[in-house]
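Working notes for the structure below.
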Amino acid sequence: MTTDETISENGGDAEELHHDRLMALLHDLVRNHGGRRGAARVLGIDRRTVAACMGGKGMAWRIREALERVLQEGVGSAAERERRRNEDLERRVEQLEGWRESVEEAKDGGMESIEALREEYTRKFGQVERRLNRVEAQWGFNNEVEDP
């Protein structure tokens, strides 16, 4: 087998694969847009052209161009599923960003609350310590702690 034969075979396979993809798109359009008439409306061609193509009479250039155009525009169930998936992911990312902001705000508020509590307990502890010193002084206790 020569290089030219390989290229021509691969080119034929690629063309066949592209044809199969266009036919799958056509079948999706027929199924999802109300039959051949709906598919023809989406493609902007006559319904008889759609019927002839689906009837095995080959793919006319008109329907091929229309299918390639809608394929590029992202029409078809696979493209629609991907578009819906992307939109869903965008919504989820926005929701997660909102949650992250809420958590950050709560964390900041929590840190402020903790700092306020720390200051209050430090102040209260100082008051208790001063009172204890006064009581000990009044009763004559030694401020030094004795080891047993």
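Hydrogens, waters and symmetry mates play no part in the numbers below; they use all other heavy atoms, side chains included.
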With a sphere of 6.0 Å drawn around CZ of R123, does it hold more than 12 non-hydrogen atoms of other residues, nucleotides or ligands? yes
Are the side chains of K124 and E129 in contact, using a 4.5 Å heavy-atom criterion? no
Separation of M23 CE from D20 CG (nearest 0.5 Å): 8.5 Å
Looking only at heavy atoms, the pair that brings V42 and R69 closest together is O-NH2, 4.3 Å
Validation row: R36, R48 side chains within 4.5 angstrom (heavy atoms): no
What's the verdict on salt bridge (charged side-chain N to carboxylate O under 4.0 Å, His left out) for E112 and R118, showing C-alpha distance, side-chain angles and the deciding distance? CA-CA 10 Å; E112 290 172 5; R118 182 180 296 135; over 6 Å; no
Answer yes or no: is there an ion pair linking E104 with R100, defined by an N-O contact shorter than 4.0 Å? no
Calculate, to the nearest 0.5 Å, the distance between atoms CZ and CD belonging to F125 and E120 respectively. 15.0 Å
Report the distance from atom CG of D46 to atom CZ of R41, rounding to the nearest 0.5 Å. 12.5 Å
Any idea which heavy atoms bring I63 and L26 closest together, and the distance? CD1-CD2, 4.0 Å
Separation of L43 CG from T49 OG1 (nearest 0.5 Å): 10.0 Å
Please check if the side chain of R130 supplies one atom and the backbone of G126 the other of a donor-acceptor pair under 3.5 Å. yes
Atom pair CE (M54) and CG (L29), whose distance is rounded to the nearest 0.5 Å: 9.5 Å
Between CZ of R91 and CG of N86, what distance do you get to the nearest 0.5 Å? 10.5 Å
For R21, does the CZ atom have more than 12 heavy-atom neighbours from other residues, nucleotides or ligands under 6.0 Å away? no
